[in-house]
Amino acid sequence: MAYWLMKSEPFKYGWDDLVAEGEGTWDGVRNYLARNNLMAMQVGDEAFFYHSREGLEIVGICTVSVAGIGDPTDESGKWAAVKVKPKAKLARPVTLAAIKAEPRLADMQLIRLSRLSVCAVTPEEWQVICAMAKS
DNA sequence: GCCAACGTTGGC
DNA sequence: GCCAACGTTGGC
């Protein structure tokens, strides 16, 4: 089981859109590191859903329902995609400011590679953020 | 709306 | 193969 963080702009495709659809395809990724992360995902992996540009916070958790498929928006066949289903909305969103203020989260890919749209999250980081989302 | 950071492209 | 130019992303 691995953990991830996926960014989306809420005015383009937000958490509420994913909940409304029931299942969403994570496609349109055109970055090699993000693609590597996408291709490493397995069915059952969990991912934070992060709102970028507006909101700047983790709002929910989704699970990978289909892994290792080609990107339907790509004709060349070299880009990857996965499908995800919403699992739970966080009791309290975890903001970027809160993540930056937490020393244990300072080394997250999210912080170090701010433009990466699909980030890996370590189990330790996952636990810390989940704890922050409850209290 | 601006700007910094980063990835990609293309000329040499 | 290097590097400058450009485009895109995302935080502020």
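Every chain is numbered from 1 and lettered A, B, ... according to where its sequence line falls, protein lines coming before strand lines.
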>> Between R112(A) (side chain only) and D107(A) (backbone N and O only), is there a donor and an acceptor less than 3.5 Å apart?
In response: yes

> Any Lys/Arg nitrogen of R104(A) or E124(A) sitting under 4.0 Å from an Asp/Glu carboxylate oxygen of the other?
Replying inline: no

>> Determine whether a donor-acceptor pair (N or O, by modelled atom type, separation under 3.5 Å) exists between the side chain of S65(A) and the backbone of K83(A).
In response: yes

> Reading nucleotides 6-12 of chain C 5' to 3', which nucleotides get B (base under 4.0 Å from a protein heavy atom), which S (sugar-phosphate only), which -?
Replying inline: -BBBBBS

> H51(A) side chain to F11(A) main-chain N or O, any donor-acceptor pair under 3.5 Å?
Replying inline: no

>> Closer than 3.5 angstrom, by distance alone: can the side chain of D74(A) be matched with the main-chain N or O of W79(A) as a donor-acceptor pair?
In response: yes

